[in-house]
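Structure first, commentary second.
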Number of protein chains: 2
Amino acid sequence: MNARKRSRIEDIRREELILAAHRVFLTQGLAGLTTARICAEAGLSPGILAYYFRGKEDVLFQMVRYNNRILMEDIARRLRAAVTPWDRLTAIVEGNFPAANYNRAAANAWLSVCAAATANPEYARLQRYFYRRLASNLASCLKPALTGDRLEAAILTVGVMIDGLWLRRAADDGTSRDRAVAHMLAQIAAFLEPGEQRALGRSAPA
Amino acid sequence: MNARKRSRIEDIRREELILAAHRVFLTQGLAGLTTARICAEAGLSPGILAYYFRGKEDVLFQMVRYNNRILMEDIARRLRAAVTPWDRLTAIVEGNFPAANYNRAAANAWLSVCAAATANPEYARLQRYFYRRLASNLASCLKPALTGDRLEAAILTVGVMIDGLWLRRAADDGTSRDRAVAHMLAQIAAFLEPGEQRALGRSAPA
DNA sequence: AAGAATATTGAATGATCAAACAAAAAATTG
DNA sequence: CAATTTTTTGTTTGATCATTCAATATTCTT
């Protein structure tokens, strides 16, 4: 009995609840994400959440993990398809602006998580992990062209611009997905010397 | 009696409450900002808030306005002291990273407001106004060097990087105020041609 | 200083929501 | 099929917090 037999139902319900939480999260944001609503979205009764999870925080945490996982898997997939370093850079940038979710509601949801991360060390840990991963991906693309301080600076700039564009998306819904991606790539190219661009295998000029 | 005689007390209390809200906001964030705490911070009893304001939202809104106003006034002051366009660019960047408030708590607080702006059209309006002002300030600095699409791109990049750096500050408290400012200016310089930099009156090279 | 107007208090109200729980329903097992 | 375990439900509890309000205190007017 101690070695709990993980029944199928248990795993199914957990996943259903996490997916339901994710759907509510992307449309209502963290603020509108109540236990009752999550359960309703999953088509289950309100009490069920406490049965499968330690509490609301538990679901939320796993939901954010789930969200990060699909994002990172998508980036990994794009990276495998890329050939030149510049292609991989493009893959990272595109992966950080998922076409399906780059909208005001999702941007806002993600923003709420960033805001919550200050109070919640678990979220903060997830976020640091995500940033480290991004930095290391970027480093591997940019190393053929940059080193030392300029490499560090480029990594910071790219990361910061991604965050900033998401934040703007939450604020005024202004810049479309394609414009955001194009802008990112154009700006990265703009602070690289012609020789450095060649080192990354960038073919098409701006 | 209809033409309400605005007694001093009324104005004093309103200001006290807004300042108190601002202090709580910068240290506790939007989440910890309860009516009771605001009043306590102001050294008044909990009921008083409703006497001078329509409700909590009202105080919050005016508090955000107050926050924006001191930020913009500080930038305006710096701009008056600047001579070359590059000086004015520096003034804008420095003004957007107020030394006293560029810390994790304040960054988080500001982030919560961005998150709330999606639900609250009033906040969204304030934010759009702030962004427009920033864009117009930047345009006036950069026009001697850039035009058309490149000008637009530069304005977007600078704005987006400011937001992104604040967001990072909320997340990991990593980049210090001085590093943030230095990074911003270095990156701006990096995507300007030597001739464009000269047009802005930039004296000291990186 | 008396009385009117204004300012302030602190407790009560009501709404929201997460979490706990007891009991019912369904599934599984012997 | 009866016993037992798993799953689900709907209600209740307790906490937090904005808002209201009647009562009290202070200030102003004449």
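The sequence lines fix the lettering, A, B, ..., with proteins before strands; numbering per chain opens at 1. Below, all heavy atoms of this structure are taken into account, side chains as well, without hydrogens, waters or symmetry copies.
Looking only at atom types and distance, the side chain of B:R168 has no donor-acceptor partner in the side chain of B:T175 under 3.5 Å away. For the 3.5 Å distance criterion, the side chains of B:R125 and B:Y129 fail to qualify, holding no donor opposite an acceptor. There is no side-chain donor-acceptor pair under 3.5 Å between A:N68 and A:Q127. For the 3.5 Å distance criterion, the side chains of A:R88 and A:S140 qualify, holding a donor opposite an acceptor.
Between B:F191 and A:F191, the distance from one ring center to the other does not fall under 6.0 angstrom.
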From CA spacing to verdict: side chain to side chain donor-acceptor pair (under 3.5 Å), B:D163, B:Y131: CA-CA 11 Å; B:D163 289 350; B:Y131 282 147; 2.9 Å; yes
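Mapping A:R37 and A:A50 onto DNA chain C via the closest heavy atom, the residue that lands nearer the 5' end is A:R37.
Qualifying salt bridge (charged side-chain N to carboxylate O under 4.0 Å, His left out) partners for A:R23, counting only residues two or more places apart in sequence or in other chains: A:E41.
Residue B:G47 is classed as a base contact, given a heavy-atom separation below 4.0 Å to a base. Residue A:F53 is out of contact with every strand shown, counting any heavy-atom pair closer than 4.0 Å. Residue-level contact check: B:L33 touches the backbone only, with heavy atoms under 4.0 Å from sugar-phosphate atoms and none from bases. B:L49 comes within contact range of no nucleotide atom at all, as no heavy-atom separation falls under 4.0 Å.
Following rounding to the nearest Å, A:D58 (CG) and C:dA20 (P) show an atom-to-atom distance of 12 Å.
Contact check, A:Y52 against D:dT8: a side-chain N or O comes under 4.0 Å of OP1 or OP2. Residue B:R13 has no polar side-chain atom (N or O) positioned under 4.0 Å from OP1 or OP2 of C:dT6. Between B:Y51 and C:dT8, a side-chain N or O to OP1/OP2 separation shorter than 4.0 Å is absent. Under 4.0 angstrom from either OP1 or OP2 of D:dA18 there lies at least one side-chain N or O belonging to B:T35.
Near DNA chain D, meaning a heavy atom under 4.0 Å from it, residues 16-32 of chain A has no residue at all.
For the pair A:T147 (side chain) and A:K143 (backbone), a donor-acceptor distance under 3.5 Å is absent.
Salt bridge status for B:R14 with B:D11: absent, with no side-chain N to carboxylate O gap under 4.0 Å.
Helix-axis bend for the helix from C:dA1-D:dT30 to C:dG30-D:dC1: the local axis fitted to the five terminal pairs at one end deviates from that at the other end by 0°, rounded to 10°.
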